[in-house]
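Here the structure comes first, spelled out in structure tokens, and everything after it is commentary.
One is the number of the first residue; the rest follow in order along the sequence.
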Amino acid sequence: MARTTPQPTSRTRSWWGWGWADAHPDDAECAAMGALLPGTLDRPLPVPHVRDLGIGSPAVEPPRSLAHLVTADPGDRAAHAMGKAYRDVVRALRGRPGRIPDLVARPTDDRGVADLLEWAGDRQVAVVPYGGGSSVTGGVEYRGDAHRAVLSLDLTAMGRVLEVDATGRAARIQAGTLGPSLEDQLRPHGLTLRHFPQSFEFSTLGGWLATRAGGHYATGRTHIDDFVQSMRVVTPAGTSSSWRLPASGAGPSPDRLFLGSEGALGVITEAWVRLQERPRHKASAAVAFTDFGDALGAVRAIAQSDLSPANCRLLDSGEAALSGAAQDGSAVLVLGFESADEPVAARLERAVGLARAHGGRHGGRHGDVPDASPDSSPDAAVRAWRSAFLRMPYLRDGLARMGAVAETFETAATWDRIPGLIDAVRTEVGAAALKATGHPATVNCRLTHVYPDGAAPYFTVLAAGRAGDEDALWDDLKAVAVEVLHRHRATVTHHHAVGRDHRAGYDRQRPEPFALALRAAKGALDPHGILNPGVLVD
């Protein structure tokens with residue numbers, strides 16, 4: 001196929017917060033949100049400027065042969081200093097973003113990546129691979145002072161769909177391809193990857209692979225892992241390129257070594273991924289529940305059926321109110337089905353029937369919507385949830401400007417542990433926030449992904465801040481949450497990766513023999529210890 005050149009956008013990304021700079025709440029909206037939470041600031045913190053960071057000259061210069069790939073522009077360096085977690089945002093607002101990378105590199109091919117890694121290894125320069133920069137776990141920042149300098153390795157100049165196999169419904173795609181560009185390049189072929197994490201607009205295929213991202217599907221193909229045929233990874237020890245296969249039982253999978261490796265073992269540069277035809281039939285509905293326990297039972301019944309809904313998101317009463325899906329204290333289950341070749345209304349009817357059998361109420365209209373856009377839905381609660389889902393990261397940044405804590409974390413556990421886990425997180429994180437701030441906190445929960453044997457709860461925490469110390473307060477609350485997760489044998493993360501923020505919980509969760517093997521792999525593939533230091537292993 002002819003290679004497609006992605007079209008650039010004229011909008012500007014925010015260097016300090018989520019998404020587009022022109023989409024953030026203004027001062028008045030920030031103040032209005034802050035007024036709803038006790039203990040917030042009287043006026044919003046000012047939007048930070050790169051010029052106020054006092055960024056100095058880089059500690060190293062690249063060789064002439066690589067200079068065309070590298071920049072020391074202060075704005076570029078500031079934008080690559082952190083991810084987009086709450087603690088990143090408040091540090092930027094307070095003028096302390098952490099160690100700014102000395103250089104930002106944008107290679108255009110594997111050779112450039114390999115040459116940059118070779119130079120960095122020789123000069124003891126830490127290399128932090130960077131896709132869209134949407135990490136919320138400290139995955140794209142450098143912490144410490146063990147390296148002479150820091151290079152942010154931005155892959156977005158490698159943003160093309162290189163090859164499409166229409167017969168096998170797969171494509172070879174460069175790792176720096178951002179979500180919208182990836183779909184735009186597949187659209188002429190009538191195919192789609194159909195992987196839509198909340199960060200879709202601002203994240204890359206390589207980032208999804210490196211973090212084992214969760215996407216559009218609430219059941220079935222929930223993680224990017226499920227779409228991978230093969231991967232190409234450049235490491236300081238050489239390039240790993242696995243065979244493209246539908247399946248294989250030939251020993252441990254080489255792709256599994258690099259999926260979720262977060263740039264600590266190598267730099268993912270491209271992958272063959274499974275595609276599908278674009279869906280033409282869609283149907284969705286929202287079902288309300290008076291009792292959250294009944295709603296959990298309904299979701300489990302649907303997950304253990306053969307229906308496989310694309311969307312099966314359960315919002316507790318607080319989350320439903322926050323999103324506008326319900327204001328009467330009800331929990332809300334958002335259901336959605338889609339198909340490329342057959343109507344899905346009957347499957348939706350069966351799912352709604354299961355929900356009703358567990359006490360659910362559905363009085364709205366639903367049905368098959370052929371040739372619909374992703375936003376098409378006859379149910380107002382579904383539309384409200386979808387709109388709030390996309391807008392929420394911007395509102396979080398607005399609350400951060402008011403000195404409030406507004407952040408999320410997620411996990412997964414088996415069904416027998418889910419009710420107790422959710423109750424414990426709400427109780428203990430809420431109590432910790434009250435003790436730390438003197439004000440009650442809101443701890444909401446939703447289920448984002450569900451399985452026959454368990455579910456992935458996703459928690460939202462809204463609390464008063466601690467002026468000038470907001471990041472440390474969140475760290476304390478997160479530590480309480482991680483203790484609850486560990487006690488209930490729930491994973492430290494279901495789809496947001498380990499990064500640096502989850503490292504302590506990950507160290508406790510993984511078996512020690514596996515940790516031994518991982519450290520050995522790190523030593524073999526990255527002998528100079530330059531790749532994303534502090535992530536996964538030391």
Side-chain angles (χ1 to χ4, degrees), residues 3-14 17-21 23 79-80 83-84 106 129-137 139-140 154-162 164 169-218 221-229 231 259-260 262-263 268-279 310-311 336 338 373-375 386-387 389-394 448-449 495-497:
R3 296 186 179 185
T4 305
T5 301
Q7 296 301 307
T9 177
S10 60
R11 300 180 77 182
T12 302
R13 288 278 301 275
S14 171
W18 182 262
W20 301 113
H80 286 75
K84 301 302 181 184
R106 290 184 174 85
Y130 188 100
S134 62
S135 170
V136 292
T137 60
V140 295
D154 187 318
L155 274 294
T156 53
M158 300 173 67
R160 290 186 171 86
V161 173
L162 300 175
V164 173
R169 294 202 309 194
R172 181 166 66 98
I173 305 174
Q174 290 183 307
T177 309
L178 288 157
S181 176
L182 185 154
E183 289 295 331
D184 286 346
Q185 293 179 69
L186 293 177
R187 190 169 286 107
H189 303 274
L191 298 171
T192 175
L193 179 60
R194 205 79 183 136
H195 181 79
F196 297 139
Q198 189 177 31
S199 63
F200 170 76
E201 193 175 7
F202 308 108
S203 55
T204 63
L205 174 64
W208 302 339
L209 298 168
T211 60
R212 298 183 66 191
H216 169 72
Y217 293 103
R221 295 166 291 185
T222 61
H223 281 88
I224 192 65
D225 313 31
D226 303 317
F227 299 94
V228 174
Q229 281 188 330
M231 291 168 55
L259 282 166
E262 300 189 47
I268 300 169
T269 59
E270 65 179 60
W272 274 96
V273 292
R274 299 178 178 93
L275 306 176
Q276 59 189 291
E277 293 182 25
R278 306 187 75 81
N311 198 5
E338 58 186 47
S373 73
D375 292 331
R386 184 176 289 119
S387 176
F389 178 76
L390 297 174
R391 180 66 177 155
M392 193 57 66
Y394 293 102
T448 61
H449 300 78
H495 59 263
H496 277 163

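Summarising the geometry of Pro197 relative to Trp208, their closest heavy-atom pair is CG-NE1, 3.7 Å, with the distance given to 0.1 Å. Minimum interatomic distance between Gly159 and Ser181 (heavy atoms only, all atoms of both residues): O-OG, 4.0 Å. Shortest non-hydrogen contact noted between Arg278 and Glu183 is NH1-OE1, 3.3 Å.
Rounding to the nearest 0.5 Å gives a distance of 9.0 Å between CZ of Arg212 and CG of Asp226. The CG atom of Leu186 sits 9.0 Å away from the OG1 atom of Thr177 when rounded to the nearest 0.5 Å. Rounding to the nearest 0.5 Å places OG1 of Thr448 at 10.0 Å from CG of Asn311. Here the OG1 atom belonging to Thr211 is positioned 8.5 Å from the NE2 atom belonging to His496, to the nearest 0.5 angstrom. With rounding to the nearest 0.5 angstrom, the CZ atom of Arg13 is 8.5 Å from the CD atom of Glu201. Here the CG atom belonging to Leu191 is positioned 7.5 Å from the CZ atom belonging to Arg169, to the nearest 0.5 angstrom.
When ring centroids are compared, Trp20 and Tyr394 stay outside the 6.0 Å threshold.
Put simply, the residue from Leu155, Leu182, Ile268 that forms a side-chain contact (heavy atoms from CB on, under 4.5 Å) with Leu205 is Leu182.
Counting only heavy atoms from C-beta outward, the side chains of Leu193 and Ile224 approach each other to under 4.5 Å. You'll find the side chain of Val161 stays beyond 4.5 Å of the side chain of His189, heavy atoms only. Between Lys84 and Phe202 there is no side-chain heavy-atom pair separated by less than 4.5 Å. Within the 4.5 Å cutoff, side-chain heavy atoms of Ser199 are placed close to those of Trp18. With contacts defined as side-chain heavy-atom distances shorter than 4.5 Å, the pair Phe200/His216 does not qualify.
Annotation: side-chain contact (heavy atoms from CB on, under 4.5 Å) contacts of Pro188 (sequence neighbours excluded): none. Applying the side-chain contact (heavy atoms from CB on, under 4.5 Å) rule to Gln276 yields the partners Thr192, Arg194, Tyr217, Arg221, Phe227; only residues at least two apart in sequence or on another chain are considered. Residues meeting the side-chain contact (heavy atoms from CB on, under 4.5 Å) test with Leu178, sequence neighbours left out: Pro180, Thr204.
Taking the six-membered ring where tryptophan is involved, the planes of His495 and His449 are tilted, since the angle between them lies from 30° to 60°.
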Met231 and Leu259: CA distance, side-chain angles, deciding distance, side-chain contact (heavy atoms from CB on, under 4.5 Å) verdict: CA-CA 9 Å; Met231 291 168 55; Leu259 282 166; 3.9 Å; yes
